[in-house]
There are 2 protein chains.
Amino acid sequence: MKGEASRDGQNVLLIHDLLRHSILRGSLAPGQVTSQLELARDLGVGRTPLREALRLLQREGLVVQEPNRRVRIAELSISDAEQIYTMRIALEAAAIRMTVPTLTPEDLAELEGLYAQMEHYMRTQDFERMDVPHRAFHLGLVRAAGPRWLEEIGQLFDHAERYRVAFFRARPERGYLRQAEHRAMLDAAVGRDVERTIACMAQHYAHTALVVFSQLQPGYTSTRLNAILEVVAPGVLAKLSF
Amino acid sequence: MKGEASRDGQNVLLIHDLLRHSILRGSLAPGQVTSQLELARDLGVGRTPLREALRLLQREGLVVQEPNRRVRIAELSISDAEQIYTMRIALEAAAIRMTVPTLTPEDLAELEGLYAQMEHYMRTQDFERMDVPHRAFHLGLVRAAGPRWLEEIGQLFDHAERYRVAFFRARPERGYLRQAEHRAMLDAAVGRDVERTIACMAQHYAHTALVVFSQLQPGYTSTRLNAILEVVAPGVLAKLSF
DNA sequence: TCGCCTCAAACTGTGGACAATATACCTCTA
DNA sequence: TAGAGGTATATTGTCCACAGTTTGAGGCGA
């Protein structure tokens with residue numbers, strides 16, 4: 001983890017972003033303990049802006065800071081993963097109800113463009129570059145719900161990515177086999193079919209969640225996942241049988 | 001805004017709490033601009049821990065910090081208020097679906113106790129002290145959903161309080177006339193009637209929201225609020241006619 | 001070998017110093 | 001008087017120093 005932060009001006013946000021990506025991508029491993037001094041040296045900055053960046057990460061739940069103790073990177077747990085995925089589904093379901101009926105033709109065109117980008121990177125097996133249009137696609141669908149909704153959904157997206165990256169690392173392509181589900185979501189949105197969009201979204205996340213949960217807790221049953229789904233998005237299961 | 005932070009140890013969290021309460025209660029007014037030096041002097045601390053506390057508040061959206069500019073307390077807006085209340089309802093509806101079926105007798109007893117406390121302070125017109133049991137009551141109902149859910153719902157509760165305090169200040173008692181709705185929520189939870197609990201919750205928040213929205217934007221119609229309700233908690237309106 | 005104690009090294013929390021930047025005032029001009 | 005320009009002041013962003021705490025390696029005793 002070597003790098004240099006720029007010398008001019010506002011480093012805090014830059015430091016925050018660098019560390020955040022390192023944690024989300026796993027190069028700062030869950031549970032790892034490190035010192036402010038070491039992080040500061042690696043990034044080529046002083047401890048003052050570093051500490052501010054760490055506070056931001058602490059608030060987000062990506063690092064744990066106990067008084068006078070060193071920094072610990074937040075660990076992964078099945079309970080946390082369940083909460084992340086349930087919150088995502090609950091929030092995005094409501095967001096989709098708000099946004100899909102009011103998406104403009106330009107919005108839909110933008111989503112089509114992002115889908116095309118994903119499709120392209122899929123074909124060229126350039127999975128690394130899919131992250132950007134993938135995130136933009138999911139957030140683009142709910143952007144119109146407002147900045148608060150967007151920020152919270154975006155954060156949950158990133159945290160879910162942390163789990164996904166951690167467990168799909170070995171076979172990166174598997175994490176993106178769900179491209180057909182993106183297509184289905186987009187088709188439903190274009191057709192202004194709100195409930196169908198929600199069902200596709202829930203199914204999309206549930207598929208990934210099941211893999212993540214199974215890795216975290218061998219023997220995790222899809223029965224439990226279905227029960228959870230019925231709670232955070234009632235009626236979705238019934239609509240999925242098509 | 002004069003005060004002294006303790007001299008020993010970890011001031012950052014203390015500073016954060018002090019400033020947070022000052023903002024939520026309105027003693028640091030929305031839109032107000034101030035300097036780090038002034039805040040530090042008032043609190044009797046240095047700028048280093050203060051800056052860290054400000055970062056936490058920035059992440060929470062209670063202060064706005066642009067590079068090289070002074071601190072600005074986040075302003076109130078109808079768009080923000082709408083997002084807060086819609087997110088609350090969407091999240092708590094899902095949370096209630098998860099928790100109400102599994103509440104233990106002890107949980108319910110605790111909620112009854114908190115209700116009784118509110119009732120007491122209501123009778124003695126001691127509205128200031130109602131805040132603590134009020135918050136505990138609402139969060140107690142959804143605590144079992146997990147720490148992530150609890151933290152997010154708690155934050156939304158606090159931000160909603162900021163709006164409520166700002167607009168009910170003149171007539172503090174009006175903010176708590178909804179005690180009957182707390183009773184109805186609790187009765188529904190005791191009876192394990194999930195959908196009814198959700199309906200009571202949504203109605204409870206919608207009542208407050210309508211007052212807040214009307215103050216922020218004179219002429220705000222309950223028609224718009226009802227439309228929003230139908231989106232974030234479908235079917236709730238139908239259940240409210242009892 | 002294992003557990004406990006001791007103590008030096010490493011680390012955190014905080015105040016202060018200093019350069020870079022923004023702000024406010026004051027002057028000058030039309 | 002209103003507006004533009006320039007300069008002094010205030011403020012931010014950062015690094016560094018220092019006191020207090022934690023950490024961990026080595027030594028001691030059983």
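Order of the sequence lines fixes the chain letters, A, B, ..., with proteins taken first and strands second; residue numbering starts at 1 for each chain.
Look at CG on B/L37: it is 13 Å from C1' on D/dG13, rounded to the nearest Å. Atom C1' of nucleotide C/dC11 and atom CZ of A/R41 are separated by 11 Å, given to the nearest angstrom. Rounded to whole angstrom, the span from the CG atom of B/L43 across to the P atom of C/dT14 amounts to 13 Å. Rounded to whole Å, the distance from CD on A/E66 to C1' on C/dC11 is 15 Å. Remark: C1' of C/dA22 and CZ of B/R72 are 15 Å apart, rounded to the nearest angstrom.
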Are there any protein N/O atoms within less than 3.5 Å of an N/O atom in nucleotides 19-25 of chain D, and if so, which ones and at what distance?
unit_1: D/dT23; atom_1: OP1; unit_2: A/R69; atom_2: NE; d: 3.4
unit_1: D/dT23; atom_1: O3'; unit_2: A/R70; atom_2: NH2; d: 3.4
unit_1: D/dG24; atom_1: OP1; unit_2: A/R70; atom_2: NH2; d: 3.0

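Taking the charged nitrogens against the carboxylate oxygens, A/R129 and A/D126 do have a contact shorter than 4.0 Å, which makes a salt bridge. For the pair A/R25 and A/E128, the salt-bridge criterion is met [side-chain N within less than 4.0 Å of a carboxylate O]. With respect to B/E161 and B/R164, a salt bridge is recorded, a charged nitrogen being found less than 4.0 Å from a carboxylate O. Between B/E110 and B/R143 there is a salt bridge, with a side-chain nitrogen of the basic residue lying less than 4.0 Å from a carboxylate oxygen of the acidic one.
With sequence neighbours left out, the ring-ring contact (aromatic ring centres under 6.0 Å, His included) criterion links A/F137 to A/H182.
Not one side-chain nitrogen or oxygen of A/Q36 sits closer than 4.0 Å to the OP1 or OP2 atom of C/dA10.
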Exercise for the section: Could you please spell out the steps behind the side chain to side chain donor-acceptor pair (under 3.5 Å) verdict for A/H134 and A/Y115? Expected result: CA-CA 8 Å; A/H134 184 219; A/Y115 175 82; over 6 Å; no

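Taking the six-membered ring for Trp and thresholds of 30 and 60 degrees, A/Y85 and A/F213 have ring planes more than 60 degrees apart, a perpendicular arrangement.
The shortest side-chain heavy-atom distance between B/L24 and B/V165 does not fall under the 4.5 Å cut-off.
Looking at residues 47-59 of chain B, you'll see B/R47, B/R51 sit with a heavy atom under 4.0 Å from some atom of DNA chain D.
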